[in-house]
Structures are given as structure tokens and as C-alpha cells.
Amino acid sequence: QVQLVESGGGSVQAGGSLRLSCAASGYFGRRYCMGWFRQAPGKEREGVAAIYTGGGSAYYADSVKGRFTISQDNAKNTLYLQVNSLKPEDTAMYYCAAGRLLRGSCTGGKYEYDYWGQGTQVTVSS
């Protein structure tokens, strides 16, 4: 099994930045998708960004494209999400997730992922 632990969240002013981290334990091969999701109270969990462990283009939701950057350090078993130019609407609990790539490319579909962290809170004030 895989365990995921997020960190790096916090409270920032609009326009600020954070770097979220997801420490992974367990085995990861080359055919996994790693993703970031977020969920605000009363709203569905939505995919923010995703990346394939074997490399390739990353996926970003339209709402964050150009502001967020997903990356991974396989040697450290760590996934990152750099979040810049934060807006109040970015306020949510942010989760990292992992799942095997079965077909196509890695996207923000929550059902594509098998393992989930417990989340780290990001709060953006106006």
C-alpha cells in the first residue's frame, strides 16, 4: 500500500504563494499518476493538477493554469504543488492522490486515484 501525507498549507493574503508537499511512502513505479485535488466546504472534490511518474506533460485545471505548478522528486518520494497568485476562491483543503495509469493520460478525475492523503488547508484572504 501507499501512504500520502500533505504539508505546507497555511493562511495567506491574496496574491501570496505557498508550496504544498506530499510525502509518499511505499513503492511507486513508473506507471502512476500523482495528483492534487481540493475541496471547499459544501463543494465536490475537484482535480487541480496531475503528473505522470514516468514523465510527460502535466494536467492543470483551467482555473489554476498559469498559477499552479505540479512537480515531483522521485528520489525523495515527494510530490509538490507550487501555488502562486492565490485568490480567495483557492481556499480549500488540498489533497494529494496516487493511482495507477491504466489508459490515456493523468487527469483530474478523482476516480482515477486509489490512494489519498488527509489534506492540508489553504486559506486565502482578500
Side-chain angles (χ1 to χ4, degrees):
Q1 84 287 4
V2 175
Q3 291 184 333
L4 306 171
V5 181
E6 302 94 334
S7 63
S11 298
V12 299
Q13 297 280 335
S17 299
L18 291 168
R19 189 181 73 164
L20 310 183
S21 299
C22 174
S25 61
Y27 175 76
F28 282 90
R30 292 287 188 178
R31 293 182 54 83
Y32 271 77
C33 296
M34 301 293 297
W36 284 97
F37 292 75
R38 66 185 182 186
Q39 187 169 25
K43 301 180 68 176
E44 294 185 21
R45 188 169 300 187
E46 62 173 341
V48 174
I51 192 169
Y52 179 48
T53 55
S57 299
Y59 163 84
Y60 295 98
D62 289 341
S63 60
V64 307
K65 197 168 187 177
R67 300 187 297 121
F68 291 10
T69 303
I70 188 171
S71 62
Q72 61 186 344
D73 187 335
N74 290 334
K76 296 181 178 180
N77 293 327
T78 303
L79 180 74
Y80 301 99
L81 185 69
Q82 180 69 41
V83 294
N84 298 327
S85 302
L86 285 165
K87 306 173 181 179
E89 50 263 44
D90 294 319
T91 296
M93 184 74 75
Y94 283 71
Y95 301 88
C96 65
R100 290 171 293 177
L101 178 66
L102 301 178
R103 60 180 178 88
S105 58
C106 301
T107 67
K110 60 183 178 181
Y111 295 111
E112 300 175 9
Y113 297 85
D114 302 313
Y115 305 99
W116 296 84
Q118 294 184 340
T120 184
Q121 178 69 36
V122 172
T123 301
V124 185
S125 60
S126 60

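Nothing here was measured: the structure is a model prediction, and the numbers come from that model.
- Clustering ILVMFWY residues whenever any of their side-chain heavy atoms sit less than 4.5 angstrom apart, transitively, puts Ile70 in a cluster other than the one holding Tyr113.
- In terms of heavy-atom proximity, Gly47 sits nearest to Ala61 at O-CB, 3.5 Å.
- Taken from CG in Leu86 to OG in Ser11, the straight-line distance is 11.0 Å, to the nearest 0.5 Å.
- Val2 is not listed as a side-chain neighbour of Asp114, based on a closest heavy-atom distance of 4.5 Å or more.
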Carefully, step by step, assess Met34 and Cys96 under the rule side-chain contact (heavy atoms from CB on, under 4.5 Å). CA-CA 7 Å; Met34 301 293 297; Cys96 65; 5.7 Å; no

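- By the 4.5 Å heavy-atom criterion applied to side chains, Glu46 and Arg38 are counted as neighbours.
- When side chains are defined from C-beta on, Val122 does not count as touching Val83, because their heavy atoms never get closer than 4.5 Å.
- Judged by distance alone, the side chain of Thr123 and the main-chain N or O of Thr91 form no donor-acceptor pair under 3.5 Å.
- Residue Gly8 comes nearest to Thr120 through the heavy atom pair N-OG1, 4.0 Å, listed as atom of the first residue, atom of the second, then distance.
- Rounding to the nearest 0.5 angstrom, the gap separating the CG atom in Asn84 from the CZ atom in Arg67 is 9.0 Å.
- For Ala14 against Ser126, the heavy-atom pair with the smallest separation is CB-CA, 4.3 Å.
- Tracing side-chain contacts under 4.5 Å through hydrophobic residues (I, L, V, M, F, W, Y), one never reaches Tyr95 starting from Tyr60; they form parts of separate clusters.
- Side-chain atoms of Val124 and Lys87, non-hydrogen and from C-beta on, never get closer than 4.5 Å to each other.
- Connection of Leu18 to Leu81 is established within a shared hydrophobic cluster, with ILVMFWY side chains joined at heavy-atom distances below 4.5 Å, either directly or through further cluster members.
- Remark: aromatic rings of Trp36 and Phe68 are distant, center separation not under 6.0 Å.
- Follow the hydrophobic side-chain contacts under 4.5 Å out from Tyr52 and you never reach Leu4; the two are in separate clusters.
- In terms of heavy-atom proximity, Ile51 sits nearest to Cys106 at O-SG, 3.9 Å.
- Taking each heavy atom of Trp116 and Arg45 in turn, the nearest pair found is CE3-NH1, 3.3 Å.
- In this structure, a donor-acceptor pair under 3.5 Å is present between the side chains of Thr107 and Glu112.
- Residue-environment remark: CD (Gln118) stays at or below the threshold of 12 foreign heavy atoms within 6.0 Å.
- Other residues, nucleotides and ligands contribute more than 12 heavy atoms inside 6.0 Å of the CD atom of Glu89.
- For Ser21, the side chain to side chain contact (heavy atoms under 4.5 Å, CB included) test picks out Ser7, Arg19, Thr78, Tyr80, with sequence neighbours left out.
- A heavy-atom distance below 4.5 Å is not found between the side chains of Gln121 and Tyr94.
- Between Gly119 and Glu6, the shortest heavy-atom distance links the atoms N-OE1, 2.8 Å.
- Leu20 and Val48 fall within a single hydrophobic cluster, where Ile, Leu, Val, Met, Phe, Trp and Tyr are joined by side-chain heavy atoms under 4.5 Å apart, directly or via other members.
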